[in-house]
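Notes follow the structure.
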Amino acid sequence: MDTEDRSLIARIAQKEQGALQCLYEKYQSRLYGYLWRQLNGDRSDVEDALQEIFLAIWRTAWKYRGEAQVITWIFQIAHFHTMHILYKQRLSDKIPLSDESDEENLQVEYLNSSQEETILDRLALNEALRLLTPKHREALELSFYHGFSQEEVAKILNMPIGTVKSRISYARRALSRAMSAVASEEEASS
Amino acid sequence: MTQRISCAQCRDMLPVYIAGRLSQDEHLLIEQHLIDCPQCQRYGEYTRTLNEAFQEADSLLPAKSRATPIWNGISSKLATPAKDATPEKEQTKGVLVSMSFDELPSTPPSNEEIVPEPISRWRQVGRYPLIAIAVIVILIVGSLWYVGAQRNKASNLTSGNSSPSTSTKGPIIITTDHSTYAPADAINATIKNTLTSAIEVPDNGDCPPLSIQREDNGQWNSPQEASCITTAIFRPAKPLASQQTLSVTVRPIQITPGHGFVFLPGKYRLELQYTQNNNDVSSATVVYSQTFNVQGTLPNVTDGPTNTPDPGQQNPIPSGTPGSITLNGCLTQQAPPNMPSTDVVATEQGVAGEPTSTDFTHQVNLTNGQVLQVRLKANVNWHMTITDPDGVLTLQTIPGAYSKEHASCIWRFTTNKPGTAQLTFTGGMVCPPNSMCPDIAMLTRFAVTVK
């Protein structure tokens with residue numbers, strides 16, 4: 001798959017518009033979902049970001065060094081764009097769950113893996129995913145959905161792999177907590 | 001023999017496995033592990049469930065129905081000449097930062113610098129009515145930084161043959177000890193974080209956060225050459241605190257045939273990439289760079305024969321450039337003189353049974369009188385820095401000798417008295433002339449405690 005992608009990038013570097021369209025059709029759906037979640041479902045921002053990402057690929061394909069897989073490189077660009085947009089929107093104040101200090105001074109009830117696995121309920125999971133902070137949801141999504149290795153996630157997020165590991169670990173715990181909260185709310189309302 | 005993986009390795013790879021991105025061999029490894037490990041099977045189910053939850057969420061999005069209009073938008077912009085920046089255009093109109101945080105202070109664009117990563121919003125800045133105000137603010141702040149940097153520059157003048165060179169580009173000030181170097185020189189630089197907050201210097205594995213690029217036909221990153229032609233070891237384990245200054249020495253790691261490890265004459269830039277954290281959601285990669293020149297004649301070096309005798313053989317001793325491929329990266333082929341037997345061997349993996357911290361530092365515990373042998377793999381031009389204010393260790397001659405038996409460079413130390421010392425080894429890969437050389441920076445530290 002990456003060989004095909006590299007070929008597309010090489011053609012894009014030669015300013016072949018058809019190659020960019022191929023790349024767009026191949027990845028727009030995955031990127032759209034990622035952007036949708038990262039940008040809090042703001043369709044205008046998502047579509048704008050998607051355009052900007054592919055325009056950036058168009059402009060900078062000649063710089064692609066081949067050190068990472070193409071999809072990793074694309075998500076790296078996507079991450080930068082979402083960071084930029086989120087910075088401008090200052091969404092951090094609106095996020096209900098946890099922040100960086102939580103991560104550093106973790107005082108939560110640690111769930112062991114079996115507890116974590118047994119409380120996986122699809123409805124609660126979808127709701128809980130929405131409750132995660134963008135950064136935690138992003139780390140989980142890149143790893144568990146898009147299938148990037150932790151090393152690749154580190155590359156995309158431009159942070160040390162140790163930070164990625166701790167972020168994913170924290171995100172899983174936060175997810176479990178959020179699911180517990182969702183389940184409690186459902187019980188109370190029924 | 002069947003290769004096996006640990007549970008931790010399996011769990012790290014499971015998302016990649018489920019996404020179908022593993023190689024066939026890796027795929028088999030995971031499957032074999034899962035057969036024998038119920039815990040990892042459960043974790044696999046967890047991973048799959050999460051994956052499906054995201055898939056389900058995606059299926060509810062209106063992405064497909066809107067794909068065509070979005071592509072039309074992209075296509076129309078491609079057709080607009082102003083947006084269709086060629087590499088050459090990017091070179092001439094580049095800006096300093098990789099992301100254009102127009103709300104961030106003190107990241108003024110520079111006419112001399114080059115865009116290292118895609119800048120999209122920056123190009124749209126003219127659309128917005130507030131940009132004029134932003135530009136004025138940026139210019140004012142930039143001027144203040146410039147004045148501050150000039151003061152810094154003046155205070156750092158040395159008695160060398162050229163003035164130190166100081167970045168005037170923003171909150172991160174990079175100062176080199178000179179602005180012009182000879183090809184074989186090492187470049188001493190300091191990096192100061194003048195922000196009121198800490199910055200995180202990422203280690204993305206491709207290039208170290210501090211890298212050097214050479215100008216080539218008006219481009220810094222020629223597609224034909226590695227992005228970072230030399231490597232500086234600058235991987236701080238902790239974020240760079242506010243007002244903190246770090247020193248770093250940058251040496252060439254690519255060998256030039258007949259000249260050893262040199263910077264080819266030309267214009268270079270020293271580039272720092274870091275992440276500025278602003279409550280996380282606004283964290284961004286920002287690049288600051290500092291240019292310097294390399295001038296002068298390349299030294300002539302005649303490498304010796306390529307055979308590499310065991311240190312046990314006293315003669316012949318091949319001549320060669322220390323750290324060159326001829327010497328397998330080691331400083332010498334000469335065997336160390338007779339030494340008492342080694343008590344503790346330290347390698348890149350540390351000392352057996354001793355802990356290793358996350359910042360590449362291995363603990364080495366010795367009893368006074370013991371002999372320490374540091375054995376680091378060859379084909380890296382290791383450079384040792386020793387911090388030993390109390391004189392706890394004595395480095396035995398000959399340091400950095402090549403051991404064919406271990407395919408390693410070897411340093412030996414005797415212990416003098418109780419105390420602590422730190423040994424830092426840095427280096428880059430050594431490759432045969434004219435070969436593709438991975439740009440890998442190596443760093444190994446040993447925190448030595450003598451009791």
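Residues A/Glu138 and A/Arg167 are not paired through a salt bridge, judged by the lack of any N-O separation under 4.0 Å between the basic side chain and the carboxylate.
If you measure heavy-atom distances from A/Glu25 to chain B, you find no contacts under 4.5 Å at all. Interface remark: A/Glu141 contributes backbone and side-chain atoms alike to the contact with chain B (heavy atom separation under 4.5 Å).
Of all residues in residues 13-23 of chain B, those placing a non-hydrogen atom less than 4.5 angstrom from a non-hydrogen atom of chain A are B/Pro15, B/Val16, B/Ala19, B/Arg21.
In this structure, A/Glu152 contributes its side chain and A/Ser149 its backbone to a donor-acceptor pair below 3.5 Å. Under the 3.5 Å distance criterion, the side-chain polar atoms of A/Gln150 are left unmatched by any main-chain donor or acceptor of A/Val164.
For the salt bridge (Lys or Arg N to Asp or Glu O under 4.0 Å) condition, no pair includes a residue of residues 68-81 of chain A, sequence neighbours left out.
Checked by atom type, the side-chain pair B/Ser75/A/Gln17 shows a donor-acceptor distance below 3.5 Å.
Top candidate by heavy-atom pairs under 4.5 Å with chain B, chosen from A/Leu140, A/Leu20, A/Leu50, is A/Leu20.
Under the 4.5 Å side-chain criterion, counting only non-hydrogen atoms from C-beta, A/Tyr34 is in contact with A/His79.
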request  = Decide side chain to side chain contact (heavy atoms under 4.5 Å, CB included) for A/Arg172 and A/Phe144; before the verdict, give the C-alpha distance in whole Å, the side-chain angles of both, and the deciding distance to 0.1 Å.
outcome  = CA-CA 11 Å; A/Arg172 286 175 48 208; A/Phe144 286 82; 4.0 Å; yes
